[in-house]
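Here is the structure we will look at.
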Amino acid sequence: MQAKDITLDTPPRDAASVLLLRDGAAGLEVLLMRRHANSSVLGGAYVFPGGKLERSDSDHAMQARLDVPAAALHATLGEASLSVDFAAGLFVAALREAFEESGVLLATQAGQP
């Protein structure tokens with residue numbers, strides 16, 4: 001299959017992706033998802049799980065479920081121009097989208113390691 005050059009002219013949206021890696025018997029393995037061939041955007045392309053930021057991702061109620069304070073997540077991104085709530089929302093979006101798209105739930109029961 002030969003790759004095609006594709007020009008996307010849609011405006012960028014706030015989004016987050018997750019890069020999931022593991023050590024496999026033959027070396028490093030990377031989780032990629034194949035977009036549906038009939039998708040209007042990048043149909044058939046292999047992508048990392050992820051998607052657009054939803055308003056609720058930046059809610060304090062969602063952020064309270066994270067095991068790392070929002071300020072620490074903000075610092076991890078190294079993007080000083082982003083608000084703390086927005087930065088933490090990107091982490092929530094990445095976790096939510098990974099579960100929605102791949103079924104991988106990166107979570108533990110409250111109070112459990």
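All values below were derived from every heavy atom in this structure, side-chain atoms included, with hydrogens, water molecules and symmetry-related copies excluded. The model shown is predicted, which means the values in this text are computed figures rather than measured ones. When a residue number appears, it is its place in the shown sequence, counting from 1.
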Ser39: partners by side chain to side chain donor-acceptor pair (under 3.5 Å), with sequence neighbours left out | Arg35
Looking only at non-hydrogen atoms, find the nearest pair between Phe48 and Glu101 and report the distance.
-> O-OE1, 4.3 Å
Does Pro49 reach the side chain of Met33, with side-chain heavy atoms less than 4.5 Å apart?
-> yes
Taking side-chain contact (heavy atoms from CB on, under 4.5 Å) as the test, write out the residues that go with Glu79, two or more places apart.
-> Leu77, Leu82
Set of side-chain contact (heavy atoms from CB on, under 4.5 Å) partners for Val84, sequence neighbours left out = Ala70, His74
Kindly indicate, with the supporting measurements, whether the criterion side chain to side chain contact (heavy atoms under 4.5 Å, CB included) is fulfilled by Leu31 and Ser102.
-> CA-CA 9 Å; Leu31 176 68; Ser102 67; 4.1 Å; yes
Taken in chain and number order and not counting sequence neighbours, the residues that satisfy side-chain contact (heavy atoms from CB on, under 4.5 Å) with Ala72 are Val68, Pro69
Out of curiosity, does Val47 fall in the hydrophobic cluster containing Phe99 (side-chain heavy atoms, cut-off under 4.5 Å, transitive links)?
-> no
Any salt bridge (charged side-chain N to carboxylate O under 4.0 Å, His left out) pairs touching residues 41-54, not counting sequence neighbours?
-> Glu54-Arg96
With sequence neighbours excluded, what pairs up with Leu95 under the side-chain contact (heavy atoms from CB on, under 4.5 Å) test?
-> Leu66, Leu106
To the nearest 0.5 Å, tell me how far Ser58 OG sits from Phe91 CZ.
-> 12.0 Å
Closest approach of Arg34 and Gly44, non-hydrogen atoms and distance?
-> NE-O, 3.4 Å
Side chain to side chain donor-acceptor pair (under 3.5 Å) with His60: which residues, sequence neighbours excluded?
-> Asp85
Which atom pairs, one a donor and one an acceptor, fall under 3.5 Å between side chains of residues 10-25 and the rest of the protein, sequence neighbours left out?
{"residue": "Arg22", "atom": "NE", "partner": "Glu29", "partner atom": "OE1", "Å": "2.5"}
{"residue": "Arg22", "atom": "NH2", "partner": "Glu29", "partner atom": "OE1", "Å": "3.0"}

